[in-house]
2 protein chains.
Amino acid sequence: MNHKVTMRDIADRLNISSVTVSKALGDKDGVSDSLKEKIKQVAEEMGYRYNTAAKSMKDGLSYNIGVMIPERFTGTNHSFYFRIYKYIAKILEQGGYYGIMTTLGEHEESMLTLPRLYYEQKIDGLIILGQIGKPYIEAMQEMQLPKIFLDFYDEHVEMDAVVTDNFYGAYELTNLLIRGGHRDIAYVGTLHSTSSIQDRFLGYYKSLLEHRIPLQQQWILNDRDEDGVYIDIQLPDPMPSAFVCNCDQVAHNLINKLQDLGYHVPQDYSVTGFDNDIYATLTRPPLTTVEVDIERMAKLAVQSILKKVSNPYYTFGRALVPGRVIERESAIALTNDADHQA
Amino acid sequence: MNHKVTMRDIADRLNISSVTVSKALGDKDGVSDSLKEKIKQVAEEMGYRYNTAAKSMKDGLSYNIGVMIPERFTGTNHSFYFRIYKYIAKILEQGGYYGIMTTLGEHEESMLTLPRLYYEQKIDGLIILGQIGKPYIEAMQEMQLPKIFLDFYDEHVEMDAVVTDNFYGAYELTNLLIRGGHRDIAYVGTLHSTSSIQDRFLGYYKSLLEHRIPLQQQWILNDRDEDGVYIDIQLPDPMPSAFVCNCDQVAHNLINKLQDLGYHVPQDYSVTGFDNDIYATLTRPPLTTVEVDIERMAKLAVQSILKKVSNPYYTFGRALVPGRVIERESAIALTNDADHQA
DNA sequence: CTGAAAGCGCTTACAG
DNA sequence: CTGAAAGCGCTTACAG
């Protein structure tokens, strides 16, 4: 491996100063074009590679952004996390930054342990990807570091957040069902679990309100426990004609359960999902759902955090990324002759 | 943000030198216990955070390991990549390192563009996670950097690799089918696509050989094209009684296809997968498959790359991580009365 | 257009 | 046990 080539080595070879080499390689003014060319050429020849650590020390920036993913919620949705992290990493790289992912274990979350990344000044900003508990959110406030929430938010703390427009997506989905003649529509999701579940519920509720359909408490079905672990969904009695599920995976679980009981989807019951993730196309029938624009969320999150890095006073509140309803086969219009009371 | 607290600030506050602070905080010898305690306390009070960049410059190490994932293959298997990357990141962190993921786009792969991470000395080592093309593998040889392959290998280059014991896993799975009375067994996977597909095929073949069952060329079925994109699987005529698929997703696709044609799995045909990923439990019936020990692969990969960082001459060749056969419902013993010729 | 000096925050080797 | 000096590789501000 020999000794690594530095600007000084290039300078020595050309009998010039390292300052000039620095200027040339950084395409700064103050070097004649001919010398600049020569320097770049020699740098190439000698296999010079820029030393980021030196730059980092100079300007006190690591050029890394942390992405913290709470372990509690990754259990279910690997594909979403992988895809969005991939975009985040790629977009950061285009901006001269790199992403460092860290998972927040349940133990660290409950002990309010801040990430090592922070204590080692490894990062200039932090994207928190996925819902974390309030105590931890509060503990994080002491971190002297720009940070944003991605894919969730918390009203009790003034933190910038980038989220899908969950409210509007669920509203549109419910409207679609109502246009299809459904009036008995259940919502599947534990309301206090995450901001997404809550906002999707409210979109569903808004649609009911607009169509003057009363909200039935017994048609709000829990899908997970306090820890976000899926539970067996208790079917209500009487049954609705359609189920608006808070995510594709839950729609998948529900459809499996209905099918196991001998029902047919969508003939007996219409079911909708949310996210358009792997479950949307895997489920049979494939799900009518809302596609989350993962790439745009990643891009907005990266742009926002980088803006906050260069200006710590920059805030934007809550940025909504619109989704898109995708109609597949798990939901159909209600036919007049069918009677859906169990 | 004020000015960031440095060791010098702590030293000034206590009227000592920064050397002593460095020793105390690094738990080195040469500071009295009482002073050491005092220094740590003041550091805490002042909100001191260690500056990794300075250390990096000092010893020429970034304390980052790159993880390169070729984009060409991530399309299919997000869950695997997410899980293994999560483990890699976690285990690196335990070793005082951080992971930086970078995807290798198809364009970069064909243009033989080396990752920016390398040119910026951002990493001390590189884990290449997922099959890449030979030309790129060769281009990578010029990188002065410890690197290992994870989840694949290439015979033509002497590179260390950590892989599942694909050969043995497929061998055991095929043995299981043969013990169940199957003798007409097809293999599903495009042989020249990846080392995993090839090795799993060879395990299948070894099992046939041991049981003196001739290999039938028409029972080796392609599942993807040159670019790794899944193709429609052409069913052979005559049909076998069982299919050994090179991965769970392909088993999933095959089962769907068989079911669409009106066949029943496993009553009409037994089908096995490989990986025990999300498809294994999603598919109906759930798949008999081989569980890949992702955590152990990640751990071994991290240990190996860190060993190579501290000693560039360390090599270990090809490390095999054993898998584990999991019997579910997609494969059953052949009953005597059934006749499986189409 | 070119370069000597200083400094970013730490650590190592050495002197007291 | 404590600290002054030097250096890691770059860049910025200033002088020539």
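Lettering follows sequence order; numbering is per chain, from 1.
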Nucleotides 10-16 of chain C: protein proximity per nucleotide (B base, S sugar-phosphate only, - neither; heavy atom, under 4.0 Å): BBB----
Aromatic contact, B:F152 with B:F149 (centres under 6.0 Å): yes
Short side-chain N/O contact from A:S17 to OP1 or OP2 of C:dT2, under 4.0 Å: no
Within less than 4.0 Å of OP1 or OP2 of D:dC1, is there a side-chain N or O belonging to B:S32? no
Taking Watson-Crick and G-U wobble contacts under 3.5 angstrom, with | marking pairs to another strand and [ ] crossing pairs, the secondary structure of DNA chain D is written |||.||||||||.|||
Distance, rounded to the nearest Å, where [X] contributes [atom1] and [N] contributes [atom2]:
| X | N | atom1 | atom2 | value |
| --- | --- | --- | --- | --- |
| A:D9 | D:dG9 | CG | P | 8 Å |
| A:M57 | C:dA6 | CE | P | 17 Å |
| A:N15 | C:dT2 | CG | P | 14 Å |
| B:E120 | D:dG9 | CD | P | 17 Å |
| A:L14 | C:dC1 | CG | P | 18 Å |
| B:K36 | D:dT2 | NZ | C1' | 13 Å |
| B:L25 | C:dG9 | CG | P | 15 Å |
| B:I10 | C:dG9 | CD1 | P | 12 Å |

Indicate yes or no for a side-chain donor-acceptor contact from A:K36 to the backbone of A:K28 under 3.5 Å, with no hydrogens or angles considered. yes
Of all the heavy-atom pairs spanning [X] and [Y], show the shortest one and how long it is.
| X | Y | value |
| --- | --- | --- |
| A:T113 | A:L104 | O-CD1, 4.3 Å |
| A:K147 | A:M140 | CE-O, 3.1 Å |
| B:A11 | B:S18 | CB-N, 3.6 Å |

Check the surroundings of atom NZ in A:K40: do more than 12 heavy atoms from other residues, nucleotides or ligands lie under 6.0 Å from it? yes
Contacts satisfying ring-ring contact (aromatic ring centres under 6.0 Å, His included) that involve residues 97-143 of chain A (not counting sequence neighbours) are A:Y63-A:Y97
Within a strict 4.5 Å, meaning less than it, do heavy atoms of the A:Q141 and A:M159 side chains meet? yes
A:T102 and B:E93 side chains, donor-acceptor separation under 3.5 Å: yes
